[in-house]
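As structure tokens, the structure follows; a few thoughts come after it.
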Amino acid sequence: MSVSESSLQKASKYELLDPDVRLMLQVREGSAAAFEALVEKHQKRLVMVLEHLVSDRTQAEDLAQDVFLRVYRARERYIPTAKFSTWLYTITHNVASNSIRKSSRRKEINLVASPSGSMPVRPLDTMAKDKSNLMPTRLADQKEMEQVIREAIQSLGPRQRMAMLLSKYEGMSYNEIAESMELTTQAVKSLLSRARGNLKEALAPYLNSGKSPRDLDRENGEPS
Amino acid sequence: MNSKSEKPESQSGEVEFSNFDELTAYLDGELDETQTQKVENRLGSDSDYLAEMQSLQKTWDLLDTLPVHEPGGSFTKTTMELIVGDAVSTAKNKRKRTLFLGRVAVMALLPVVFFATAYGVARRMQSDPDRRLIENLSVIENFKKYEAVDCNLEFLESIRKFDFFQKPTVIVENGSEIEVAYEVGSAGSIPIDPIQRAGYVKSLDVEQKITLKGNFENFEDKTDADRKRLTDFDLELQSRGNRQQLRSTLNGFYEWLTELELSERSELQDLPQNERIAKIRSIRNRQAQNELGKKSLVKLPSKEDVPFLMGWCESIFQLKERQLRDRFPIVLRQSMRNKKMGSVPPMSVLLEKSRVENLNSIIGFLLREDRQFVEDLIFEGEALFGLYDILSLNARKQLDSRSEAEQRSHILDWVDAVNQSQQGTSIEDLEKFEMQLSSKVRNRLQKMSSEKYRETLEWMYEESRKSQISSQSWWEQQIEKTLDPN
């Protein structure tokens with residue numbers, strides 16, 4: 001069997017399964033309109049995922065463009081062997097990892113407070129309380145809550161965060177996440193388990209009481 | 001089993017962390033029917049477990065409250081402009097590879113025309129056997145591996161799940177971000193495009209070409225049915241989403257299998273699939289433990305962690321090689337001074353020694369003489385995160401139960417054990433070592449019987465690695481003593 005025949009077989013398999021694969025195959029054939037459609041469709045969630053990964057909106061948009069540029073550059077080699085979104089987030093994972101690597105800020109976010117910085121898990125339970133005390137009083141409760149959630153997400157390790165974002169916001173299965181992040185399914189299971197556990201720990205004070213950080217501060221007699 | 005034994009509790013009374021795996025997979029719909037039933041039975045009878053599940057779910061739902069903002073209004077437009085700009089720039093740089101330029105239809109056709117023409121020319125230029133080789137390259141390069149797993153993807157998937165035959169490589173860059181990748185054999189890099197494939201074959205060295213030719217002849221000698229079976233397996237493997245991991249497993253498994261004793265290999269091949277998997281697991285467990293266990297008294301992580309730990313160490317060693325080699329002469333000089341080991345060689349000699357010395361030997365020396373340096377070097381940045389991520393729950397527990405300082409010390413012991421396990425004395429090492437000896441010492445050695453010669457050389461090599469002393473006169477004295485103990 002020739003190579004071109006095998007490529008066609010694979011293409012037809014995923015063409016049936018995923019409309020985005022069909023669009024990407026049109027891109028491979030030179031359709032700019034198909035590429036534009038893919039950008040339109042995926043930009044919102046892609047930027048959101050990247051924003052959680054790099055903690056900066058503008059940078060997230062720049063990185064999202066970088067991701068699309070890489071998709072475009074890879075179009076000639078594109079063979080649909082998975083869902084399009086799985087492939088897209090494999091590229092996203094690599095782009096975000098490279099960016100985070102270069103960012104010294106990330107080190108401050110993810111390392112523990114101890115001088116040696118070698119503890120594998122950050123003490124999340126104290127983090128949420130501490131951060132809530134720093135909130136400006138002019139912010140509404142909802143904004144404060146959003147900030148606490150964002151910080152809880154950012155306090156996760158980069159791999160836990162990526163796995164969590166793909167699971168929560170992309171609805172990917174463990175297998176798909178494993179493929180995107182080039183991990184085993186078991187590793188994804190562990191990452192997600194730890195991510196959920198850490199988030200629960202960080203958000204526990206607000207989850208149990210149903211109250212905002214400011215309300216909790218007031219109850220504790222601390223100035224808001 | 002009573003509910004207490006099913007529900008491990010931490011000191012704070014909360015359900016222990018290990019249960020999150022099960023509950024998370026349950027909430028994500030990733031458990032099979034039996035596992036789901038088991039979790040649901042427990043949820044029905046264990047209120048703490050139920051509360052834990054609800055709490056995890058509430059946390060997950062809380063994330064939905066975050067608003068999702070639209071990217072800026074011009075995002076699509078600027079992205080498309082970026083792409084067109086990139087295409088123009090690439091087209092200018094690579095005239096022959098004309099890229100599609102957005103909506104410019106004429107330009108869009110050029111790569112297709114180019115590809116079709118080049119493909120046609122290439123096809124005409126290839127003789128039939130060449131074409132068959134190019135077309136079946138992936139199968140030809142790998143069919144022995146495919147036969148080792150009986151062209152059975154189910155079996156390959158089963159052994160992949162052990163994680164024993166994938167070689168993890170932890171890449172740490174700039175001391176911060178961690179990546180875990182799996183090594184993929186050459187099969188993973190065979191190009192799809194036939195023209196590129198032809199180029200790939202052309203680029204092989206003579207030895208590789210001879211091997212490929214031999215494989216091709218073997219492949220051609222097979223029956224049509226066998227060839228089809230192998231080709232179908234290759235296609236099926238390529239179509240799998242996790243093909244990289246499967247390739248990595250396949251390569252690792254094949255390499256492992258060929259190194260087994262013939263009797264053990266034959267026994268394995270005769271077993272039905274389930275028993276074969278159990279047997280592989282048992283042999284691999286034994287080997288993994290032995291790889292570290294025989295050389296160390298340190299309490300090692302569990303068997304399934306050993307390959308991952310070794311992969312992590314190997315990557316860290318490679319990444320930190322420069323710092324380790326830079327540090328080595330400084331510590332060596334200090335150590336020789338402190339121990340008053342005669343005249344200390346000039347720094348240029350020590351630097352040269354540092355350049356040529358086996359890295360494991362350097363690490364072993366620094367672990368003994370300047371452990372703090374190795375500790376700081378290994379744990380700088382987020383290297384520990386990488387290790388923590390790839391270890392099993394049991395190994396993580398083993399670490400979690402310790403203070404931070406104890407964790408570091410414990411991992412350093414593991415590193416030491418891995419390093420020692422990698423310091424096996426090869427013939428190449430011995431030959432290299434012998435060449436560094438003075439001609440006088442070499443002459444003395446060569447006068448010995450072959451058995452005595454090898455024994456003495458190995459002893460000298462080990463001693464040299466332990467002490468990091470290379471004084472010729474000292475060696476000569478030692479050899480004199482060895483030859484004439486009285």
Side-chain angles (χ1 to χ4, degrees), chain A residues 1-3 6-7 9-10 13 30 32 35-36 39-40 43-44 47-48 61 64-65 68-69 72 76 79 81-82 86 97 100-101 106-107 110-111 114 116 118-120 145-146 149-150 157-159 167-168 173-175 178-179 182-184 187 189-193 196-197 199-200 203 207, chain B residues 17 20-21 24-25 28 30 55-56 58-60 62-63 65-72 75-76 78-80 82-83 86 100 102-103 108-109 111-112 135 163 173-174 176-177 179-182 192 194 231 235 238-239 241-245 379 381-382 384-385 388-390 393 404 407-408:
Chain A
M1 184 175 289
S2 77
V3 175
S6 73
S7 303
Q9 273 187 349
K10 286 178 231 164
K13 185 176 171 184
F35 190 75
E36 197 170 350
V39 173
E40 284 282 359
Q43 58 177 269
K44 188 172 165 183
V47 170
M48 184 198 64
E61 291 200 3
Q65 288 192 326
F68 285 123
L69 186 61
Y72 162 76
E76 287 175 324
I79 304 223
T81 52
T86 307
S97 298
I100 293 167
R101 210 176 279 149
R106 183 183 169 284
K107 203 171 177 181
N110 284 298
L111 284 180
S114 72
S116 61
S118 70
M119 286 282 285
M145 201 63 225
E146 282 175 21
I149 296 170
R150 280 183 202 284
R159 282 141 47 81
S167 172
K168 178 68 188 173
S173 70
Y174 287 10
N175 277 340
E179 202 179 327
E182 295 177 336
L183 296 170
T184 61
K189 191 176 175 185
S190 296
L191 280 178
L192 280 170
S193 166
R196 283 220 197 210
L199 284 173
K200 182 178 94 67
L203 299 171
L207 203 64
Chain B
F17 194 66
F20 290 159
D21 275 10
T24 301
D28 288 335
E30 292 277 348
S55 178
L56 282 172
K58 271 189 200 169
T59 308
W60 205 236
L62 205 55
L63 302 181
T65 61
L66 283 182
V68 180
H69 303 291
E70 289 283 349
F75 182 87
T76 305
T78 52
T79 304
M80 294 306 287
L82 183 73
I83 271 123
D86 184 70
F100 98 106
R103 296 180 172 111
L109 285 173
V112 181
E135 280 177 357
D163 284 338
E173 286 192 15
N174 301 326
S176 61
E177 180 63 0
E179 292 285 342
V180 180
Y182 292 95
I192 303 281
T231 308
L235 289 172
Q238 290 290 1
S239 72
N242 59 348
R243 63 191 170 282
Q244 279 204 326
Q245 289 172 14
F379 296 123
E382 296 179 25
L384 195 56
F385 283 88
Y388 205 79
D389 273 346
I390 57 177
L393 196 61
E404 188 190 335
Q407 278 185 14
R408 291 166 70 121

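Quick note on labels: first sequence line is chain A, next is B, and so on, each numbered from 1.
The two residues S167(A) and D28(B) make their nearest non-hydrogen contact at OG-OD1, 4.1 Å. Across all non-hydrogen atoms, the minimal contact from L56(B) to G197(A) is CD2-N, 4.3 Å.
Contact count against chain B (heavy-atom pairs under 4.5 Å) is highest for E61(A) among M48(A), R150(A), E61(A).
Under the 4.5 Å side-chain criterion, counting only non-hydrogen atoms from C-beta, K168(A) is not in contact with L66(B). Residues T76(B) and E36(A) meet the side-chain proximity criterion, which asks for heavy atoms closer than 4.5 Å. In this structure, T78(B) and Q65(A) have side chains that are in contact, with non-hydrogen atoms separated by less than 4.5 Å. Contact check for L63(B) versus L199(A): side-chain heavy atoms found under the 4.5 Å cut-off. At least one side-chain heavy atom of L62(B) sits under 4.5 Å from a side-chain heavy atom of M145(A).
Contacts of L191(A) with chain B are made by side-chain atoms alone, with heavy-atom separations under 4.5 Å and no backbone atom involved. Looking at E179(A), only its side chain comes within 4.5 Å of chain B, counting heavy atoms on both sides.
Between the OG1 atom in T65(B) and the CD atom in E146(A) there is a gap of 6.5 Å [rounded to 0.5 Å]. Put simply, CZ on F35(A) and CE on M80(B) are 6.5 Å apart, with the number rounded to the nearest 0.5 Å. The structure places OG of S55(B) at 9.5 Å from CG of L203(A), a figure rounded to the nearest 0.5 Å.
At least one donor-acceptor pair under 3.5 Å links the side chain of E30(B) to the backbone N or O of Y174(A).
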